[in-house]
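All remarks here apply to the structure that follows.
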There are 2 protein chains.
Amino acid sequence: MHGPQAWAEVAEAMLREHGHKASGPRSAVLESIGRQSCVVTAQDLAVDLKRRKKKVGIATVYRTLEVLEDLKLVQRLDLGTESARYEPAMPDGRHHHHHFVCRDCGDVIPFEDDALERAIEALGRRLSASVEEHDVILKGRCPDCEK
Amino acid sequence: MHGPQAWAEVAEAMLREHGHKASGPRSAVLESIGRQSCVVTAQDLAVDLKRRKKKVGIATVYRTLEVLEDLKLVQRLDLGTESARYEPAMPDGRHHHHHFVCRDCGDVIPFEDDALERAIEALGRRLSASVEEHDVILKGRCPDCEK
DNA sequence: ATACGTGCAAAATGTTTGCGGCTCA
DNA sequence: TGAGCCGCAAACATTTTGCACGTAT
């Protein structure tokens, strides 16, 4: 990612490209997503919007996330029981990463690992199905919660 | 897994060991879980129970799943938007596997891969957090849906 | 006897949808 | 002008919880 600004710009451009209209609420949502580093819920976005005095209905947040997901500009993650989480992504899959979830404090820590990616790639070739996407979720205790 | 029968027996024994009482509804739920091969929803279990003429409230299904999850006798998975899914497991982690989800038909196909497990194990050592559990979810098109 | 389990129905979430009105292109 | 977008509130779906009653130990 080249900074939050970059993502919002790419997203805005790609939306236009795909025949979507510009609008105040929608770009406010894009801004909010872009400034979040990783895995936020729709509620998190709503809170951020409110803090920035942007009046955006929750439905619009969800509808925007849906469009962005279709364009692969956000990735949706389901980590455990809570609500779905979303994070900005580049459609070409650059800066791919995965997540560690602390079972005590609930913190989500992103990480990258080349060996893991290679193992999954090799696995994809071995399986008789075409693998387009993958998620790896590690669970345990984060350094802070380990006593 | 040594057959569905075996799992239900192990589960029943372990529940007793942990001070839980035996009951008709609960063992009916255990049976239902044991006979399912992989990743079922609470609703799936309710349907199976009804078909077998067992009258068990949905709350009991959820409460039983919760207890089993605490004892690591079932693993809970969140695959996409639908409801949570559960599958029988052995508490020692034997017969560990992961899942491929077809984005067209929604089918879930289990698979095992040693290289992947090794990569995750090495990764766990590299990270400064203690990894206790991991899930890998692949998404794509299954052989049937690929044209 | 009593702590645990159960069913029911209500509540609590989280997410989607219908609709009338508004706005960008 | 007209297709898309908006906010609101109602609808939905899934899961949790309170409560009075039952039952295994």
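Just so we're on the same page: letters track the sequence lines, and every chain starts at 1.
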B:Pro25 or A:Ala42: which one's nearest nucleotide on DNA chain C is closer to the 5' end?
B:Pro25
Closest to the 5' end of DNA chain D, once A:Lys55 and B:Thr41 are matched to their nearest nucleotides, is A:Lys55
Under 3.5 Å donor-acceptor, A:Arg118 side chain and B:Ala119 backbone
no
Nearest-Å distance, [atom1] ([X]) to [atom2] ([N])?
X	N	atom1	atom2	value
A:Leu45	C:dG14	CG	C1'	14 Å
B:Arg85	D:dA13	CZ	P	17 Å
A:Glu66	D:dC5	CD	P	11 Å
B:Ile58	D:dT15	CD1	P	8 Å
B:Leu65	D:dT14	CG	P	15 Å
A:Glu69	C:dT15	CD	C1'	13 Å
B:Asp70	C:dC4	CG	P	15 Å
B:Asp78	D:dT14	CG	P	14 Å

Run the salt bridge (charged side-chain N to carboxylate O under 4.0 Å, His left out) test on A:Asp135 and B:Lys139 for me, step by step, so that the C-alpha distance in whole Å, both residues' side-chain angles and the decisive distance to 0.1 Å come before the verdict.
CA-CA 8 Å; A:Asp135 285 325; B:Lys139 292 173 188 165; 3.6 Å; yes
Specify the closest pair of heavy atoms between [X] and [Y], including all atoms of both residues, with the distance to one decimal.
X	Y	result
B:Met90	B:Val10	CE-CG2, 4.1 Å
B:Phe100	A:Ala129	CZ-CB, 3.5 Å
A:Leu79	A:Arg85	CD1-CD, 3.7 Å

With heavy atoms under 4.0 Å as the rule, sort B:Ala84 into base, sugar-phosphate or nothing.
sugar-phosphate
What string of B, S and - do you get for nucleotides 18-25 of chain D, 5' to 3', when a contact is any protein heavy atom under 4.0 Å?
B-----BS
Is the B:His134 ring parallel, tilted or perpendicular to the B:His98 ring (thresholds 30°, 60°)?
tilted
Under 4.0 Å between a side-chain N/O of B:Tyr62 and OP1 or OP2 of D:dT16, yes or no?
no
Taking the six-membered ring for Trp, is the centroid-to-centroid distance between B:His95 and B:His97 below 6.0 Å?
no
